[in-house]
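Down below is the structure, laid out as structure tokens.
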Amino acid sequence: MTIKIGIDYYPEQWTPELWEQDAVLMQETGVSVVRMAEFAWSRMEPTEGNYQFEWLDSAIEVFASRGMKIVLCTPTNTPPNWMTTRYPDVLPMDEQRHIIRPGVRGHRCNNSPSLRMLGSKFVEAMSQRYGQHPAVIGWQIDNEMHYQECHCDTCNRAFVTWLQKRYSNLEELNREWGTVVWSGEYSSWAEVTTPLGASKPMNPSYLLEYKRFCSDSVGHLLGWQLEILRRNCPDQFVTHNMWQYPNTLDYYDMHNGLDFVSVDYYPNELYRDYGDRFPRNGALTLDLVRGIKRQNFWVMEQLSGAQGAWMPIQRTPYPGLIRARSWQTIARGADMVVHFRWRSATVGAEQFWHGLIDHSNVPGRRFREFAELTREVNQLGELLGGSAIVTQVAILHSHDQHTALSLQAQAEGGMHYIDNLSSMHNAFLKMGVGTDVINWTEELDGYKLVIVPSLFLLSEEVAQRLERFAAKGGTVVLTNRTGVKNMRNVCEMLPLPGLLAEAAGVVVSEYDAIGNSEHRIRNAEGKTFAAKQWCDLLELRGAEPIAWYDNDFYEGVPAVTVNKLGEGEVYYVGTWPEPSYFYQLFEDILKEKELAPKIQLPEGVELSIRTKGEQNFLFLINLTNEQREITLDVPYRSLLTSERLDQKLTLPALGVDILTV
């Protein structure tokens, strides 16, 4: 097992003469993998049933003959014009039941019978042709799946069938959704539709179930392709290149049958804002991706140049940025980094989504940086291969929480689930403490500290798991807006935090949605911190207060508490304090759990550790445009320079080093 670098390539957009030239340069540069064919349906099947794979055979041979392995893609993201013309059910309908015409891509109804019929035939033919090809190592299904909210007749029927599997009868659905409100009760399944004409607030239980149905519909599209590929390609892997968070899909369910997770990684803020968020963007995405299957992953599209397609052309990557971001993905669990794309397109909508080589076809600064990165990765790939991230801190992430909180804004100015999760993740990132960001329904064995942002929807199973974890010696940190609803998106008639009130040792007597209004909290040492969004006024039921509100009519009321539970403890954070408070709180907990970091990081430097047997590899990455110095805890050796480092490590702007003892 080894770590390698790859390239996204579109042979259908270039001449065979260029294929040859590009393959030679890729070979000289050390490229190991080429991904192709993700959008080439019309070239492989120009008319119905007329399969034309000969050009792809030739393209594969050009690169394979120079030692590169191939990842092929099923091109179902881009149904060809002949299909959408002859089979109009392929196209989705909006909530007004207007057909959504072909656009850039993704113009398909995920439940379309015609799409499945024609797509199955195509994937069958493609996988039979390449399922035993010695150069083809795996498959990517579709591209950056997301759900198109379709309201066609097929989706209406499918939605009803989906609901009938979840509810024993219509009476149960009416009761569980509370359709009695606004005279919304159904008397027949024929009355149930997707949310048509939605322009005003609708039943939140109904909307959450529809969002779940849409996500499952994408899983349906992926599933029938996976079944074909498994049958015809038993020795080749199957994955999907997910888009980064936040996203509309429940990726946990979607990836159950795939061999590993892949992600397309574009840290967008880098080009819009070089302010405070610059050094922090991206790490959470990578930790989330690794947490989907709790294993290493691939980056199937890595930033290679300025972006420009659905936005004006953004800034070009600073010198060192392509290398730094690529090593960042490896540091957080990537075993393969495939760069998008080899050359900037001369045609089509993505002409200015720049690749490694510009339209001039003259390799420049970015390409030379990529070549240096590839040399480094090839030099260290075997040594680092087989290593993984091992941590004792977990942050629970829930797609259902993200969806439910998106449907009903909780406070003015935004109280966004992912942003709040990020503010807690950033505290550990700043300390250099690794975290697994995992599905909220996962088992917690092996962790000592579990961070649990806003379990707005709460099940008895999850509540009991958290209680057991704490009772056995673990530490749980809960936050406000926990236990508000059940899994049907219905408010519980229980004092907050609902099913976890006893474990937390507090109840919420009242709450105040303060939004952007800045309040303050005070800790036991008298230091104050700003807080926004939300204030839970806490009544103690066994917990001890560790911070209090410092203003408004609830001055002196507990804001943050800790409750002893068995061998462990449960913290409850009733507001959203500024980042420095989370940093201090988590630092204190880590010291108590003997998990405190041994290296203090300067601003903008990330530390991640991959472990292989008894050996640790420390990745230190400076994501700022200024030099940084790090004081080391013990002597290390640099794997990149072979230099012996006793006390200090100096990282230049966007510099990288990999250390081992």
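Each residue takes its place number in the sequence, starting with 1.
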Candidate pair Glu17 and Glu20, rule side-chain contact (heavy atoms from CB on, under 4.5 Å), full reasoning = CA-CA 5 Å; Glu17 292 74 23; Glu20 296 283 351; 6.0 Å; no

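The two residues Pro317 and Ala306 have their closest heavy-atom pair at CD-N, 3.7 Å.
The ring of His399 has its center no closer than 6.0 angstrom to the ring center of Tyr251. Aromatic pair His397/Tyr252: ring centres closer than 6.0 Å.
Between Glu372 and Arg323 no salt bridge is recorded (no basic side-chain N to carboxylate O distance below 4.0 Å). The existence of a salt bridge linking Arg332 and Glu606 is confirmed by a sub-4.0 Å separation between a basic side-chain nitrogen and an acidic carboxylate oxygen. Taking a cutoff of 4.0 Å between a charged side-chain nitrogen and a carboxylate oxygen, Glu227 and Arg231 qualify as a salt bridge. Residues Asp335 and Lys4 are not paired through a salt bridge, judged by the lack of any N-O separation under 4.0 Å between the basic side chain and the carboxylate. Remark: Arg129 engages Asp57 in a salt bridge, criterion side-chain N to carboxylate O under 4.0 Å. A salt bridge is absent between Arg105 and Asp142: the closest approach of a Lys/Arg side-chain nitrogen to an acidic carboxylate oxygen does not fall below 4.0 angstrom.
Residues Gln140 and Arg35 have side chains that bring a donor and an acceptor to within less than 3.5 angstrom of each other. A donor atom on one side chain and an acceptor atom on the other are found under 3.5 Å apart for Asn361 and Arg343. Inspection of the Glu38 and Tyr10 side chains reveals an N or O donor paired with an N or O acceptor under 3.5 Å. Between the side chains of Asn622 and Thr624, at least one donor N or O lies within less than 3.5 Å of an accepting N or O. Residues Gln225 and Thr76 bring a donor and an acceptor atom of their side chains to less than 3.5 Å of each other. In this model, a donor atom of one side chain and an acceptor atom of the other lie less than 3.5 Å apart for Asp22 and Tyr9. One side chain, Asn616 or Thr611, offers a donor N or O that lies under 3.5 Å from an acceptor on the other.
Taking the ring axis of Trp353 as reference, the NZ or CZ atom of Arg341 does not stay both within 45° of it and closer than 6.0 Å to the ring centre. In this structure, Lys430 forms a cation-pi arrangement with Tyr583, its terminal cationic atom sitting closer than 6.0 Å to the ring centre and no more than 45° off the ring axis.
Taking a 6.0 Å sphere around CD of Glu54, one finds it holds more than 12 heavy atoms contributed by other residues, nucleotides or ligands.
Put simply, the residue from Ile137, Asp8, Ile7 that forms a side chain to side chain contact (heavy atoms under 4.5 Å, CB included) with Val33 is Ile137.
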